[in-house]
Protein chains: 4
Amino acid sequence: MPIALRPRTKPPAERRDELMNAAERLFLARGFEGTTVEEITTGAEVAKGTFYLHFATKGDVLEALRERFVQGLLDAVTAAVAGQPRDDWRGRLAAWARACAIGYLDAASLHHLVFVAVPPPSREGMARNVLVDHLDDLIAAGAHGGAWTIEESGFTAVFLFNALHGVVNQAAAGEPTGDRGSLLRALEAHVFRAVGLRPEAG
Amino acid sequence: MPIALRPRTKPPAERRDELMNAAERLFLARGFEGTTVEEITTGAEVAKGTFYLHFATKGDVLEALRERFVQGLLDAVTAAVAGQPRDDWRGRLAAWARACAIGYLDAASLHHLVFVAVPPPSREGMARNVLVDHLDDLIAAGAHGGAWTIEESGFTAVFLFNALHGVVNQAAAGEPTGDRGSLLRALEAHVFRAVGLRPEAG
Amino acid sequence: MPIALRPRTKPPAERRDELMNAAERLFLARGFEGTTVEEITTGAEVAKGTFYLHFATKGDVLEALRERFVQGLLDAVTAAVAGQPRDDWRGRLAAWARACAIGYLDAASLHHLVFVAVPPPSREGMARNVLVDHLDDLIAAGAHGGAWTIEESGFTAVFLFNALHGVVNQAAAGEPTGDRGSLLRALEAHVFRAVGLRPEAG
Amino acid sequence: MPIALRPRTKPPAERRDELMNAAERLFLARGFEGTTVEEITTGAEVAKGTFYLHFATKGDVLEALRERFVQGLLDAVTAAVAGQPRDDWRGRLAAWARACAIGYLDAASLHHLVFVAVPPPSREGMARNVLVDHLDDLIAAGAHGGAWTIEESGFTAVFLFNALHGVVNQAAAGEPTGDRGSLLRALEAHVFRAVGLRPEAG
DNA sequence: AATGAATGAGCGTTCATTCAT
DNA sequence: CATGAATGAACGCTCATTCAT
């Protein structure tokens with residue numbers, strides 16, 4: 001005989017968000033398999049059953065987390081690049097690297113969780129693809145605009161994306177090679193080098 | 001009255017290896033959490049209890065797999081670099097990248113399993129560190145020898161290691177940017193660029 | 001701003017009937033345990049909570065279904081028997097068997113559901129008892145009237161009732177021993193024999 | 001960290017039987033859905049997991065119970081009929097009815113459970129069919145041998161089987177129409193009547 | 001060394017029921 | 001009257017680990 005002690009209704013979107021937030025925090029701390037649905041609902045201060053009012057399975061929250069992450073990062077990167085003059089390829093590339101690195105610095109573990117530790121069912125690295133595609137386009141456009149010479153922009157995009165992801169991850173993992181500022185500077189220099197620009201140039 | 005159809009006992013090392021092989025195959029195919037101890041022992045053709053004669057917990061096999069992987073890759077990379085003239089830094093760097101890439105191409109999923117999907121308990125990327133340290137030493141030595149100018153060899157090592165890992169992984173993931181040969185050539189060119197060498201030079 | 005597309009309220013009796021109809025259909029199709037309250041309310045096109053405005057528990061609908069079934073069948077049987085001359089015992093018995101068989105043929109699964117699959121809490125076969133009692137009375141009256149010789153009318157009533165139920169059920173279960181007409185004829189013959197009448201007699 | 005307090009091994013068949021016995025008792029007392037696996041294992045004095053060493057699902061015990069019941073009853077009935085002279089059709093029919101009734105009197109609820117309350121997945125009443133078929137053969141053989149005149153032995157078999165089942169069930173349900181002996185006598189008389197024999201004859 | 005029956009904590013999911021709106 | 005979000009006890013099933021043989 002279930003007794004509803006606190007059946008306080010909230011807008012579905014809000015409840016859903018609270019569940020996602022609790023899940024994100026727990027997945028990050030103990031992994032996906034290491035987190036129980038009950039912990040998530042406890043974290044969101046709802047009853048266990050409420051979880052299934054918003055997600056069909058435990059895996060579904062992860063899916064939702066994935067989408068939320070990708071959208072946020074893509075928005076940030078797009079905005080940063082768009083903030084640069086149309087033909088300043090160097091600036092656009094630097095903006096991309098910087099925005100992406102900052103996004104990862106803020107959410108490296110989350111990215112790891114949703115795309116690496118528990119890869120999406122279909123293809124590995126959907127986010128990777130979305131972001132890499134964006135970078136690919138940028139590099140190809142710069143090459144077309146004469147900013148640099150890159151033969152296979154796809155390869156370079158993958159190369160740079162992973163390099164960036166790695167150094168950021170390393171930094172986030174607590175083995176810092178310096179503060180955030182110097183990280184971004186060093187990253188920029190390496191990105192420039194990778195496309196054949198001289199890092200020190202303005 | 002049990003009949004010993006096959007030798008019931010084997011040297012511990014051999015049994016252990018068979019269990020590790022079965023575990024590796026299964027972990028790769030179904031993931032760590034998705035594999036049961038019973039499946040491992042069935043795969044190794046021993047009884048369930050035998051597992052615990054060789055490993056204290058399920059996690060321990062993964063640990064052992066990690067160590068086996070790192071040692072093998074490190075040996076290969078070390079040998080490849082040692083095969084180059086002492087002062088041919090360019091050649092040594094290229095050898096490093098090539099050996100490491102080939103090692104990953106041959107065992108990308110295994111690396112993913114033991115270092116990414118189920119990260120080691122203590123610090124993230126022990127293998128990364130062992131291999132990155134090796135690369136770090138190489139870059140620092142080359143800088144010291146005047147082959148290139150790198151201020152923070154550690155950063156560059158992490159940068160390159162992850163870039164390499166990423167492009168190799170992409171290739172392994174079935175979205176090839178070309179065949180293995182062209183992958184290695186493109187990789188070499190980017191590695192050279194990253195340390196400031198001109199790729200096209202011999 | 002909710003818009004009342006259909007009248008939101010209905011006479012209680014009507015709502016209750018709709019819920020019972022939906023429940024009957026679902027219970028028949030998927031069993032009592034296999035049907036959820038939500039499916040019933042969906043079937044009746046009302047909200048989940050509305051169910052509890054009409055029934056205290058899920059078991060209560062079944063109870064209501066039971067009563068509805070018994071009443072209907074008893075009415076039909078009573079009417080059929082009453083349609084025969086007062087002293088035509090043979091005719092009355094045949095009418096009983098025929099009406100009861102037809103009632104079951106039309107609702108065999110429903111009977112099975114409410115009296116067999118989920119027997120009433122208290123005594124087994126309330127319907128059986130109501131109908132059996134009716135038959136018992138009829139047989140006893142016929143014996144008293146000299147139509148046949150039956151010592152324990154109760155036993156014979158139970159015997160006949162179950163025999164009837166069984167052959168009808170078999171027919172309903174899709175393993176017909178003939179069409180409905182021949183079923184009723186064969187049944188009549190067996191019923192007559194069971195009370196010691198010669199079947200072929202007029 | 002599971003601790004085995006009493007890991008006492010028993011022959012699989014014995015454990016399986018103990019689980020089946022516990023399940024039978026509980027299913028009979030509280031129904032299939034009303035019984036939990038844990039109650040079964042508690043009843044059999046084993047741990048929960050042990051259940052799944054012997055049955056894949058909860059439904060599987062019921063299946064096993066079904067088979068055990070049918071086999072036992074069929075054996076008893078066959079033996080009883082075989083104990084009568086080959087051409088004593090009256091005696092064979094009486095033996096059939098008596099053995100079947102006794103079998104049911106001893107296990108009426110069990111029959112109800114395994115064949116009626118939770119019908120087998122495929123067709124309704126496998127036992128019914130097996131036993132009915134047996135009776136069908138007997139009636140047909142008797143008709144062929146001139147013992148009685150029955151046109152549709154299948155119909156009569158179903159009729160008698162269900163009549164028998166009903167009166168026995170009624171008796172078992174605690175509403176006795178007399179003691180076991182008089183039940184069997186009354187049953188015999190009705191069975192004879194149903195095939196057109198005069199009950200009082202020797 | 002090897003076995004495999006036994007254990008039991010734990011998990012994801014379901015769903016009858018309640019009640020604030 | 002009607003709604004449907006919220007509740008939480010309960011259940012079937014899994015599986016890492018133990019240990020008597």
Side-chain angles (χ1 to χ4, degrees), chain A residues 1-12 15 33-41 45-59, chain B residues 2 4 7-12 15 33-41 46-60, chain C residues 2 4 7-12 15 33-41 46-60, chain D residues 1-12 15 33-41 45-59:
Chain A
M1 41 205 104
I3 295 167
L5 291 174
R6 193 191 53 93
R8 295 247 38 97
T9 296
K10 278 195 186 180
R15 266 285 137 75
E33 308 275 359
T35 301
T36 72
V37 170
E38 188 143 36
E39 285 169 340
I40 297 172
T41 54
E45 293 184 292
V46 293
K48 207 171 175 180
T50 301
F51 180 89
Y52 291 92
L53 255 25
H54 298 274
F55 303 97
T57 69
K58 192 173 98 164
Chain B
R8 305 287 279 194
T9 71
K10 278 195 186 181
R15 267 284 139 75
E33 308 276 0
T35 300
T36 71
V37 171
E38 186 143 37
E39 287 169 337
I40 297 172
T41 54
V46 293
K48 208 171 175 181
T50 301
F51 181 90
Y52 291 91
L53 257 26
H54 298 276
F55 304 97
T57 71
K58 186 177 137 182
D60 276 12
Chain C
R8 306 285 280 193
T9 72
K10 279 194 184 180
R15 265 285 137 76
E33 307 277 359
T35 301
T36 71
V37 171
E38 185 143 38
E39 286 169 338
I40 297 172
T41 54
V46 293
K48 207 171 174 181
T50 301
F51 180 91
Y52 291 91
L53 257 24
H54 299 274
F55 304 97
T57 70
K58 185 177 141 185
D60 276 13
Chain D
M1 41 204 106
I3 295 168
L5 290 176
R6 192 190 54 92
R8 294 246 40 96
T9 297
K10 278 195 187 180
R15 265 285 138 76
E33 308 275 359
T35 300
T36 72
V37 171
E38 188 143 35
E39 287 168 339
I40 297 172
T41 54
E45 293 184 292
V46 293
K48 207 172 177 181
T50 300
F51 180 91
Y52 291 94
L53 255 25
H54 298 274
F55 304 98
T57 70
K58 191 172 96 160

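All chains are named by letter (A, B, ...) in the order of the sequence lines, taking the proteins before the strands, and each is independently numbered beginning at 1.
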Using only heavy-atom distances, decide whether a donor-acceptor pair under 3.5 angstrom links the side-chain of Lys48(B) to the base of dT17(F).
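Answer yes: a donor N or O sits under 3.5 Å from an acceptor.
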What closest approach, in Å, do Thr41(C) and Phe51(C) show between heavy atoms, and which atom pair accounts for it?
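Closest approach of Thr41(C) to Phe51(C): CG2-CB, 3.6 Å.
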Give me the atom names and distance for the closest heavy-atom approach of Tyr52(B) to Thr57(B).
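Distance-wise, the nearest heavy atoms are CE2-CA, 4.4 Å.
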Should [N] form a Watson-Crick or G-U wobble pair with both distances under 3.5 Å, which nucleotide is its partner?
N	result
dC11(E)	dG12(F)
dA16(E)	dT7(F)
dA1(E)	none

Please report, rounded to the nearest Å, how far the [atom2] atom of [N] is from the [atom1] atom of [X].
X	N	atom1	atom2	value
Phe51(C)	dC1(F)	CZ	P	17 Å
Lys10(A)	dT21(E)	NZ	C1'	17 Å
Glu33(B)	dC11(E)	CD	C1'	12 Å
Glu38(D)	dG10(E)	CD	C1'	12 Å
Tyr52(B)	dT18(F)	OH	P	7 Å

Nearest-0.5 Å distance, OG1 of residue Thr36(C) to NZ of residue Lys48(C):
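Thr36(C) OG1 to Lys48(C) NZ: 7.0 Å, rounded to 0.5 Å.
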Within this structure, what is the CG-NE2 distance for the pair Asp60(B) and His54(B), rounded to the nearest 0.5 Å?
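Output value for this atom pair is 13.0 Å.
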Which sits closer to the 5' end of DNA chain F, Leu53(A) or Thr50(D), going by the nucleotide each is nearest to?
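It is Leu53(A) whose nearest nucleotide is closer to the 5' end.
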Pick the closest DNA chain F nucleotide for Thr35(B) and for Thr57(D) by heavy atoms, then say which residue is nearer the 5' end.
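Residue closer to the 5' terminus by nearest nucleotide: Thr57(D).
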Return the nearest nucleotide to the side chain of [X]; candidates are [options].
X	options	value
Val37(B)	dC1(F), dA16(F), dA5(F)	dA16(F)
Lys58(C)	dT13(E), dA16(E), dC13(F)	dA16(E)
Ala47(C)	dG8(E), dA16(F), dG4(F)	dG4(F)

Does dA6(F) have its OP1 or OP2 closer than 4.0 Å to a side-chain nitrogen or oxygen of His54(A)?
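Answer is yes, contact under 4.0 Å.
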Considering just the side-chain nitrogens and oxygens of Arg15(B), establish if one lies under 4.0 Å of OP1 or OP2 belonging to dA1(E).
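Indeed not, no polar side-chain atom of Arg15(B) lies that close.
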Between the main-chain N or O of Thr35(D) and the side-chain N or O of Lys58(D), is there a donor-acceptor pair closer than 3.5 Å?
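Yes, the answer is positive, given that a donor and an acceptor are paired below the 3.5 Å cut-off.
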Counting any heavy atom closer than 4.0 Å, what does Pro12(D) reach on the DNA or RNA strands: base, sugar-phosphate only, or nothing?
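The answer is nothing, as Pro12(D) stays clear of every strand by at least 4.0 Å.
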